[in-house]
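In what follows, every heavy atom counts, from backbone to side chain, and hydrogens, waters and symmetry copies are set aside. Every chain is numbered from 1, with letters handed out A, B, ... down the list of sequences.
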Amino acid sequence: MNAGHVGRPRVATVLTARRWEADFVNLARASALVRVVGRVYDADDVERLAEQIDVLVAGAETSWVTPARIKAWRRCGIRVLGIHPAGDEPARRLLHAGAVDESLADSTPARQVLHVARALAVGRTTPLRTGCLVPVVGARGAPGRSEVALALAWTLAGRSRTLLVDLDHEAPSLSLRLGLSPRPHLADAADAVRHGGELPPSLLQRAGPLWVVVGPPRPETSPGLMAEVIYAGRGSFEMVLLDLGPVPGDHRLLARADQAVLVCDGSPSGIVRAARLAETWLGPPPLLVLNRAGGGDTLRAVRRWVGLEPAAVIPYAPAVRDASRAAAEPPALLLEALDPLRLRLEERHATGRAAGALR
Amino acid sequence: MHQEPLDPLRHPDVVEVSRKLRRQLEQVLDAEQRAAAVVARRSRTLRDRLLDAEDRGELVVVHCNGGRSWSGRVIAVGADHVVVAQRATDRFILLHHVVALEVVA
């Protein structure tokens with residue numbers, strides 16, 4: 001509990017066109033009973049401001065106020081006061097599916113909402129540990145993202161509860177690669193998360209030690225729904241790996257990640273493409289995997305062009321290709337090559353946790 | 001052999017239509033929220049922003065007419081003045097002297 005803010009708690013609202021929010025902010029400013037530290041209109045801003053918010057007042061009319069996000073905010077230690085349109089039972093149920101601390105109808109007088117927000121601030125809780133989010137990305141041209149993501153998840157799953165999500169919209173190949181059923185897929189998982197805020201095990205598939213959400217055959221899942229699946233996954237898994245496909249370096253999921261892995265193909269065009277991706281990179285410092293590496297010149301070229309020291313180097317090996325075509329588990333050679341990367345990830349994750357990182 | 005009756009709401013076409021409708025509803029709600037953000041910015045005054053700075057404990061630079069500027073934290077906003085706390089002093093600045101506000105952190 002953050003006792004320093006009990007006197008004048010720090011409250012943020014989710015900005016909305018509905019009357020209740022403006023009334024609440026105006027009264028809060030006029031009465032000075034609470035400090036209004038933000039009127040948030042982007043979902044990511046709540047996470048960014050998490051350490052500065054005691055209570056979040058959020059209306060169910062906002063599309064991104066969902067059970068999965070409410071649970072994620074509460075894991076960050078934020079108390080959530082939900083507001084629903086008077087008489088709108090589905091909206092009230094949505095708030096309670098996310099386990100809001102309190103819910104009120106939007107017809108409630110602003111003064112009462114303010115007093116409830118103040119009362120909630122007294123009980124601000126300690127942030128809970130959430131799963132580490134690790135997107136695996138790479139430039140266009142099949143540098144081996146999916147195979148690296150799968151092998152890395154496989155090796156991590158031996159030590160911690162790990163979820164692998166196929167978010168490669170252009171070629172969602174994990175179901176084919178692992179010989180899994182095409183359904184349930186990401187869109188099915190997103191539907192369930194939207195209703196209950198949790199990832200039900202019945203919508204996940206097992207592959208060896210791993211839990212997997214396979215990609216849908218068509219890119220029908222909105223970025224918001226994908227984010228919710230990830231929020232829910234981080235609530236129940238220690239490691240959440242994303243096979244993110246060929247995305248730009250300023251992709252939103254990269255900016256939100258705890259760690260990131262950049263896969264670089266050892267060919268000249270692969271190195272140049274990876275260098276271009278690294279130039280626009282806005283995520284955490286990437287751990288570089290050099291795939292299908294040649295001789296010493298390749299390593300020098302990668303250092304010079306990409307500007308990163310590889311955390312793992314995978315030599316060209318037909319066994320890797322054969323395993324991927326036979327829907328077999330990742331070959332031992334690949335798992336061994338990625339072991340230094342696994343150690344770096346676990347080490348960074350432990351350091352981040354020790355530093356009290358909220359993400 | 002007993003078979004469960006087919007739930008018509010789980011027909012793939014119905015699921016697909018419901019997803020499409022949900023996406024459309026979300027687009028409408030998002031547009032509504034963006035409009036609310038624009039309205040909030042349009043109706044905001046400099047005094048409102050100073051109140052935000054006080055509530056957030058932001059470090060600011062207040063530029064006044066005459067070319068002088070004062071940096072520190074906003075610790076109070078009165079009806080006609082703002083108080084900026086510097087190292088050893090609290091500076092009271094008339095609101096109508098403020099020409100710009102710069103948020104440092």
Side-chain angles (χ1 to χ4, degrees), chain A residues 4-5 8-22 25-26 28-30 32-43 45 49 52-54 58-66 91 183-188 190-192 194-195 216-218 220-225 228, chain B residues 4 7-60 73-79 81-83 85 95 103-105:
Chain A
H5 298 289
R8 278 190 78 207
R10 302 164 302 174
V11 176
T13 62
V14 174
L15 195 144
T16 163
R18 310 295 161 96
R19 190 73 221 161
W20 68 263
E21 197 264 347
V25 171
N26 289 338
R29 281 190 177 140
L33 286 171
V34 298
R35 296 198 283 158
V36 181
V37 293
R39 297 176 77 186
V40 183
Y41 57 91
D42 188 297
D45 284 348
L49 296 170
Q52 300 165 36
I53 300 174
D54 296 320
E61 67 276 1
T62 303
S63 68
W64 48 266
V65 174
T66 58
R183 291 194 82 161
H185 54 54
L186 182 65
D188 300 316
D191 284 345
R194 174 51 64 96
H195 284 111
R218 280 169 290 151
E220 57 190 7
T221 315
S222 69
L225 283 174
E228 281 184 45
Chain B
E4 289 292 321
D7 179 0
L9 290 177
R10 298 187 67 183
H11 188 282
D13 289 348
V14 177
V15 170
E16 194 58 40
V17 168
S18 69
R19 283 177 185 156
K20 191 174 178 185
L21 289 173
R22 186 175 62 202
R23 277 199 295 273
Q24 288 175 352
L25 174 65
E26 285 173 3
Q27 283 169 4
V28 171
L29 291 174
D30 289 344
E32 190 186 71
Q33 197 192 25
R34 279 196 296 274
V38 172
V39 169
R41 280 196 292 266
R42 285 182 181 174
S43 57
R44 187 171 59 185
T45 65
L46 185 62
R47 186 172 184 277
D48 289 337
R49 189 62 188 84
L50 285 164
L51 284 167
D52 285 346
E54 180 198 349
D55 282 346
R56 294 175 191 167
E58 288 171 332
L59 192 61
V60 298
R73 291 192 196 280
V74 177
I75 57 165
V77 182
H81 67 279
V82 54
V83 186
L95 283 175
V103 179
V104 181

| field | Atom group of B/Arg34 that falls short of 4.5 Å from chain A, counting heavy atoms | value | neither
| message | Please classify the contact of B/Ala37 with chain A as side chain, backbone, both or neither, using a heavy-atom distance under 4.5 Å. | response | both
| Which atoms of A/Val65 approach chain B - backbone, side chain, both or neither, heavy atom under 4.5 Å | neither
| query | Are A/Thr16 and A/Glu21 linked by a side-chain donor-acceptor pair shorter than 3.5 Å? | reply | no
| request: Measure A/Asp188 against the heavy atoms of chain B and call it side chain, backbone, both or neither at under 4.5 Å. | output: both
| message | I'd like to know if the side chain of A/Arg29 and the backbone of B/Leu51 have a donor-acceptor N/O pair within less than 3.5 Å. | response | no
| Are B/Gln33 and A/Trp64 linked by a side-chain donor-acceptor pair shorter than 3.5 Å? | yes
| query | Short question: side chain of A/Arg35, backbone of A/Arg10 - any donor-acceptor pair under 3.5 Å? | reply | no
